[in-house]
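Worth saying up front: this structure is predicted, and the values here are computed from it rather than measured. Below, chains carry the letters A, B, ... as their sequence lines are ordered, and counting in each starts from 1.
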Amino acid sequence: MRRFLYVARGVAWRSIHNTLVSPAILLPSIIFPLFFLVAFAGGLSRLADIPNFHYAPGYTGFQFVFVFLQSAAFGGVFTGFAVARDFDSGFARRLLLSAPRRSGIIAGYAVGALLRWTLTGTIVTIAAVIAGMNVDGTGTDLVGLLGLGILFNLVAALWGCGLAMFLRTEQAGAVIQMPVFVLLFLAPVYVPLPLLTGWIHDVARLNPATVVLEAGRGLLASSPVKVGLAFALLAAGAALLAVFARRGLASAERAG
Amino acid sequence: MAAVVVHAESTRAPGLVEQVAAVARRSITRTLRQRALLVFPLLFPLILFAINGSSLSAATKIPGFPTSSYRAFALALPFIQGALFVAVATGTDLARDIETGFFNRLALTPLRGTALLVGQLGGPLVLACIQAVVYLLVGLATGVVIVTGVGGAFVLLALAIMIAFAFASLGALMALRFGTGEAVQGIFPLLFVTVFLSSSSLPRNLIKVEWFREVATYNPVSYLIEGIRSLIITGWDAQALALGFGFAALLLLITLALAGAAMKTRLVRT
């Protein structure tokens with residue numbers, strides 16, 4: 001266990017250090033969620049006037065939850081990019097040779113993803129509050145929303161790490177990013193689920209990201225819905241993807 | 001005598017048109033060989049079109065929304081997003097030529113800077129044409145009706161290709177000024193922001209937040225989108241078309257002029 005923690009701590013420290021000292025890595029992960037918040041909450045706020053659109057905290061809050069969870073997911077995805085970059089540069093192979101407990105590498109990257117998102121999530125929240133977001137949820141509700149974000153970040157980090165370890169090239173970036181992007185945008189991003197029509201409604205109804213998004217919006221509005229289901233789905237996703245990431249690591253070990 | 005003539009012809013420096021053609025041929029071949037460069041810029045705007053065209057269909061219930069089909073309203077966006085990808089692809093290719101020293105070798109030949117710049121835009125022009133046709137066909141296949149008819153569709157293609165060409169010149173300018181692919185790709189988020197801070201998702205008069213509406217009004221991208229959109233949902237709107245073509249031409253002229261100057265500097269440096 002001590003060797004596991006030793007490796008995890010080292011990889012996490014390097015991950016967050018690289019993020020903080022490299023603007024090219026840090027800025028996109030901060031700017032993109034802010035930009036989405038501005039574009040959606042600012043440009044589309046008229047959508048709140050559509051008949052049957054009911055969300056007590058207002059459209060900024062409605063979009064904040066999406067952007068908050070999206071930033072959590074992309075914090076994990078960007079960590080996948082970092083893993084791929086480490087394989088391209090040859091660092092990951094040296095790490096595999098020197099780590100006394102290799103599963104600590106995955107844990108280290110996951111902790112790095114969480115630390116990176118802590119910064120992004122804080123900035124997005126401050127921006128939303130400055131933009132006039134109403135928060136109806138209690139302290140417990142907000143802790144619940146934070147919990148959803150942390151678990152979503154873990155799920156995406158395990159996905160990104162696993163796939164990057166299987167593919168071991170920076171060119172995997174689009175493959176890591178695209179499914180997460182599509183999954184998120186196939187949820188009710190702009191209007192609540194009942195207002196969606198056609199194929200997007202059918203897809204969104206079956207999309208697990210919809211449950212997480214609805215739970216998050218419910219918590220911000222202090223009218224929790226599907227919270228237990230959202231946590232269960234994310235926990236199951238994390239468990240499955242932990243196995244996936246471990247297999248990715250095994251694949252990288254075999255490749256040498 | 002014949003041998004002398006042949007020798008004279010073979011050493012004659014090629015004219016500007018021949019030079020442009022030679023560089024353009026290389027640019028087009030390179031573009032068509034890079035499948036990833038063709039497929040991703042085509043697919044990504046279409047994925048967003050499919051998702052947003054359905055997700056935002058409730059927006060048509062907003063009083064004063066100009067059409068009952070959000071898909072028709074949103075069809076203008078893939079053309080602009082595709083143009084952004086063309087800009088990045090152009091800049092990245094040109095930057096690679098600079099980084100690998102290909103430019104330095106060309107500088108030793110009698111090739112003119114103008115021919116090099118215009119020729120390098122050959123591949124992006126082909127890419128822009130393919131994209132514009134595909135987006136239009138996908139729009140029609142998903143039930144969008146172009147209210148200006150066949151003539152409007154051709155004008156739409158012309159405007160879309162002109163916009164993409166203008167953005168390609170912008171990509172070339174960035175590559176020539178900065179000289180690295182990383183710097184070119186770094187401007188992509190900025191370009192993307194200009195699209196979202198425009199009337200891309202809602203008509204300007206329906207944007208509720210005042211500062212956002214102001215930004216969208218001063219953002220030239222709004223007029224590029226509205227030019228294309230007018231042909232799809234409004235009809236023959238002379239003002240929208242004049243602004244669309246006008247801003248596209250302005251962007252093209254400015255970026256080409258600046259890129260030409262940057263090319264001269266770049267060739268002197270080598």
Side-chain angles (χ1 to χ4, degrees), chain A residues 22-25 27-32 34-53 58-60 63 66 131-132 171 173-175 177-179 181-204 207 210, chain B residues 36-37 39-41 43-44 46-65 69-71 74 142-143 180 182-183 185-216 219 222:
Chain A
S22 172
I25 298 173
L27 288 180
S29 62
I30 293 174
I31 288 173
F32 267 110
L34 281 179
F35 147 64
F36 276 118
L37 184 68
V38 168
F40 292 169
L44 294 169
S45 55
R46 179 73 71 178
L47 290 175
D49 297 341
I50 293 172
N52 299 321
F53 187 113
Y59 200 73
T60 304
Q63 281 302 342
F66 172 74
Q171 288 171 337
V175 187
Q177 184 172 233
M178 196 52 84
F181 187 88
V182 171
L183 189 79
L184 282 166
F185 275 85
L186 287 176
V189 177
Y190 308 109
V191 291
L193 183 63
L195 291 182
L196 291 179
T197 52
W199 69 270
I200 192 82
H201 180 267
D202 299 335
V203 173
N207 183 353
T210 300
Chain B
L37 216 106
V39 174
F40 190 71
L43 275 186
F44 189 74
L46 288 177
I47 290 171
L48 277 183
F49 170 65
I51 293 173
N52 286 348
S54 296
S55 292
L56 280 165
S57 60
T60 57
K61 291 174 186 158
I62 298 171
F65 198 84
S69 161
Y70 193 82
R71 210 174 287 137
T142 56
T180 69
E182 200 179 358
Q185 285 176 4
I187 66 156
F188 183 70
L190 193 67
L191 293 176
F192 216 69
V193 169
T194 63
V195 173
F196 274 86
L197 291 178
S198 70
S199 52
S200 59
S201 302
L202 284 181
R204 271 181 294 136
N205 62 321
L206 294 184
I207 295 173
K208 197 174 180 180
V209 178
E210 198 180 333
W211 70 263
F212 197 103
R213 192 170 56 244
E214 288 287 313
V215 170
N219 182 355
S222 290

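Looking at Ile51(B), the atoms closer than 4.5 Å to chain A (heavy atoms on both sides) sit in the backbone and in the side chain alike. In this structure, the portions of Val38(A) lying under 4.5 Å from any heavy atom of chain B include both its backbone and its side chain. Of the two parts of Leu196(A), only the side chain, counted from C-beta on, holds a non-hydrogen atom closer than 4.5 Å to a non-hydrogen atom of chain B. At a 4.5 Å heavy-atom cutoff, the contact between Val191(A) and chain B is made by side-chain atoms alone. In this structure, the portion of Phe32(A) lying under 4.5 Å from any heavy atom of chain B is its side chain and not its backbone.
Classification of the Phe35(A)-Phe196(B) ring pair by plane angle, with boundaries at 30° and 60°, yields perpendicular.
Residues Val209(B) and Ser45(A) share a closest heavy-atom pair of CG2-OG, 3.4 Å. Counting all heavy atoms, side chain and backbone alike, Ala59(B) lies closest to Leu47(A) at CB-CD2, 3.6 Å.
With chain B as the partner, the residue from Phe181(A), Phe53(A), Phe40(A) showing the most heavy-atom pairs under 4.5 Å is Phe181(A). The candidate with the highest count of non-hydrogen atom pairs below 4.5 Å against chain B, out of Pro51(A), Gly43(A), Ala48(A), is Gly43(A). Note: Leu56(B) leads Leu202(B), Ile207(B), Leu56(B), Val215(B) in heavy-atom pairs under 4.5 Å with chain A.
In this structure the side chain of Tyr59(A) never reaches within 4.5 angstrom of the side chain of Lys208(B), judged on heavy atoms. For the pair Ser54(B)/Trp199(A), a side-chain contact is recorded, criterion being any heavy-atom separation below 4.5 Å from C-beta on. At least one side-chain heavy atom of Ser55(B) sits under 4.5 Å from a side-chain heavy atom of Ile200(A).
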Evaluate the side chain to side chain contact (heavy atoms under 4.5 Å, CB included) criterion for residues Ile62(B) and Asp49(A): first the C-alpha distance (whole Å), next the side-chain angles of each, then the deciding distance (0.1 Å), finally the verdict.
CA-CA 7 Å; Ile62(B) 298 171; Asp49(A) 297 341; 5.8 Å; no
Intermediate values then yes/no, side chain to side chain contact (heavy atoms under 4.5 Å, CB included), Phe212(B) and Leu44(A):
CA-CA 10 Å; Phe212(B) 197 103; Leu44(A) 294 169; over 6 Å; no
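Using a distance-only test at 3.5 Å, with no hydrogens or angles considered, a donor-acceptor pair links the side chain of Arg46(A) to the main chain of Leu206(B).
Aromatic rings from Phe192(B) and Phe36(A) are positioned such that their centres are separated by 6.0 Å or more.
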